[in-house]
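Here is the naming used below: chain letters follow the sequence lines, and residue numbers restart at 1 for every chain.
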Amino acid sequence: MAMPKPLPRAYFNRPTLTVARSLVGKYLVRENRKGTVAGKIIEVEAYIGSNDQACHASKGRTARTDVMFGPAGLAYVYLIYGMHHCLNVVTEREEFPAAVLIRAVEVDGELIDGPGRLCRAFEVDRSLHRLDLTIGKSLWFEDRGVDVPHGRVGRFPRIGVDYAGKWANKLWRFRMRLSK
DNA sequence: GATAAGATCATCT
DNA sequence: GATGATCTTATCA
């Protein structure tokens, strides 16, 4: 086994839907004082550009959304509903706000379903906001050679964005069919 | 099984 | 002062 390398910035600096689709089957790795946890990515959602009403950056560049305008490969972590953290990775070129939300992973065969639970399991909180995920410190993504056939990944509407009008109907959620 | 409501706070108006 | 890229628990059928 070669020394695992984090996915590089060039990987994330591509069209968001491409990144989202190909992140399914990759691994999310969390390293902290308690050790290392790695989870296979099962489900993601794409949030793309200031026209996308469901994307936080559609309301303009603010202190919170600023990171999405930055370089690809940074972490966008925020608190939602007062109690849950959500983990995103910024995609595309600078000045173009877009990100991929990590919704579900599988750790040791156990499904961690939902961004809030995921962040609790991986101990992701706002201290990781703006972290560079391409340097392999604390949190990063890895390609462990898992090949996900095209037919195994379904496309669905995004969750919890009914307010976003026609953007709510975009099939920008990617979920891997669970094998058994 | 399905649906509804409550928790709780950073961020924006 | 309103609201949300959610999750858990309670209540009903």
Side-chain angles (χ1 to χ4, degrees), chain A residues 7 12-26 28 30 37 39-93 95-131 133 139-141 153-176 178:
Chain A
L7 294 179
F12 299 102
N13 189 12
R14 294 186 296 162
T16 305
L17 291 178
T18 303
V19 176
R21 164 63 183 81
S22 69
L23 270 180
V24 174
K26 298 293 188 293
L28 175 67
R30 171 72 167 126
V37 186
K40 185 166 63 176
I41 297 173
I42 302 296
E43 183 177 47
V44 299
E45 278 179 12
Y47 289 87
I48 309 174
S50 46
N51 290 329
D52 177 5
Q53 295 287 302
C55 179
H56 289 161
S58 67
K59 298 184 182 113
R61 185 168 187 162
T62 65
R64 179 172 66 153
T65 62
D66 185 64
V67 63
M68 280 203 277
F69 291 80
L74 299 190
Y76 170 36
V77 182
Y78 66 94
L79 183 67
I80 190 67
Y81 301 123
M83 42 192 3
H84 299 290
H85 294 278
C86 293
L87 170 65
N88 306 248
V89 56
V90 175
T91 58
E92 311 227 18
R93 67 182 192 275
E95 304 304 321
F96 186 91
V100 174
L101 168 69
I102 312 301
R103 289 193 55 87
V105 298
E106 192 179 72
V107 179
D108 296 332
E110 183 181 352
L111 183 65
I112 301 176
D113 200 355
R117 298 169 111 198
L118 187 157
C119 286
R120 202 176 56 191
F122 278 69
E123 297 186 29
V124 170
D125 62 28
R126 291 177 49 72
S127 68
L128 298 179
H129 189 49
R130 286 179 171 280
L131 178 74
L133 302 179
L139 187 66
W140 66 94
F141 295 92
V153 180
R155 299 187 60 166
F156 308 92
R158 292 175 293 180
I159 300 281
V161 295
D162 290 344
Y163 62 87
K166 64 175 181 179
W167 298 93
N169 299 321
K170 298 281 183 190
L171 300 180
W172 286 355
R173 179 160 59 102
F174 296 84
R175 186 180 177 99
M176 176 163 36
L178 297 175

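- Counting only Watson-Crick and G-U wobble pairs whose two key distances fall under 3.5 Å, DNA chain B forms stems of three or more stacked pairs at B:1-7 with C:6-12, B:9-12 with C:1-4.
- Taking the six-membered ring where tryptophan is involved, the planes of A/His56 and A/Tyr78 are perpendicular, since the angle between them exceeds 60° and thus also 30°.
- When heavy atoms are screened at a 4.0 angstrom cut-off, A/Gly116 is found touching the sugar-phosphate backbone but no base atom.
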Original post:
Under the side-chain contact (heavy atoms from CB on, under 4.5 Å) criterion, do A/Glu92 and A/Ile48 qualify, and how do the steps go?
Top reply: CA-CA 9 Å; A/Glu92 311 227 18; A/Ile48 309 174; 4.2 Å; yes
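- In terms of heavy-atom proximity, A/Ile102 sits nearest to A/Leu118 at CG2-CD1, 3.6 Å.
- Across all strands, A/Leu101 comes closer than 4.0 Å to base atoms (heavy-atom distances).
- Each of A/Thr65 and A/Met83 was matched to the nucleotide of DNA chain B holding its nearest heavy atom; the match closer to the 5' end belongs to A/Met83.
- Note: CD1 (A/Ile159) to C1' (C/dC7) measures 13 Å, nearest angstrom.
- Between A/His84 and C/dC7 there is no side-chain polar atom (N or O) within less than 4.0 angstrom of OP1 or OP2.
- Within the structure, ring pair (Phe, Tyr, Trp, His ring centres under 6.0 Å) contacts touching residues 102-124 of chain A (residues at least two apart or in different chains) do not occur.
- No option in A/Arg103, A/Arg155, A/Arg158 other than A/Arg103 meets the salt bridge (charged side-chain N to carboxylate O under 4.0 Å, His left out) test with A/Glu43.
- Put simply, the residue from A/Val90, A/Thr16, A/Asn88 that forms a side-chain contact (heavy atoms from CB on, under 4.5 Å) with A/Val100 is A/Thr16.
- In this pair, A/Tyr47 lays its aromatic ring flat on the base of C/dA5, centres within 5.5 Å and planes under 30 degrees apart.
- At a threshold of 4.0 angstrom between heavy atoms, the contacts of A/Tyr78 include nucleobase atoms, whether or not backbone atoms are also involved.
- For A/Arg120, no side-chain nitrogen or oxygen approaches OP1 or OP2 of C/dT6 to under 4.0 Å.
- Rounded to whole angstrom, the span from the CG atom of A/Asp113 across to the P atom of C/dT6 amounts to 12 Å.
- Applying the 4.0 Å criterion to OP1 and OP2 of C/dA5, one finds that A/Tyr163 has a side-chain N or O inside that range.
- Taking 4.0 angstrom as the limit, A/Arg158 places none of its side-chain polar atoms (N or O) nearer than this to OP1 or OP2 of C/dT6.
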Subject >> Test side-chain contact (heavy atoms from CB on, under 4.5 Å) applied to A/Arg130 and A/Asp66, step by step >> reply: CA-CA 10 Å; A/Arg130 286 179 171 280; A/Asp66 185 64; 2.5 Å; yes
**OP:** Carefully, step by step, assess A/Leu87 and A/Leu128 under the rule side-chain contact (heavy atoms from CB on, under 4.5 Å).
**Re:** CA-CA 9 Å; A/Leu87 170 65; A/Leu128 298 179; over 6 Å; no
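- As a whole-Å value, the separation of A/Lys59 NZ from C/dA2 C1' is 11 Å.
- Bounding nucleotides for the chain A contact on DNA chain B, 5' to 3', at a heavy-atom distance below 4.0 Å, are B/dA7 to B/dC12.
- Checked for salt-bridge contact, A/Glu45 and A/Lys170 miss the test: no charged N lies under 4.0 Å from a carboxylate O.
- Looking at which nucleotide of DNA chain C each of A/Val161 and A/Arg117 is closest to, the 5′-most match is held by A/Val161.
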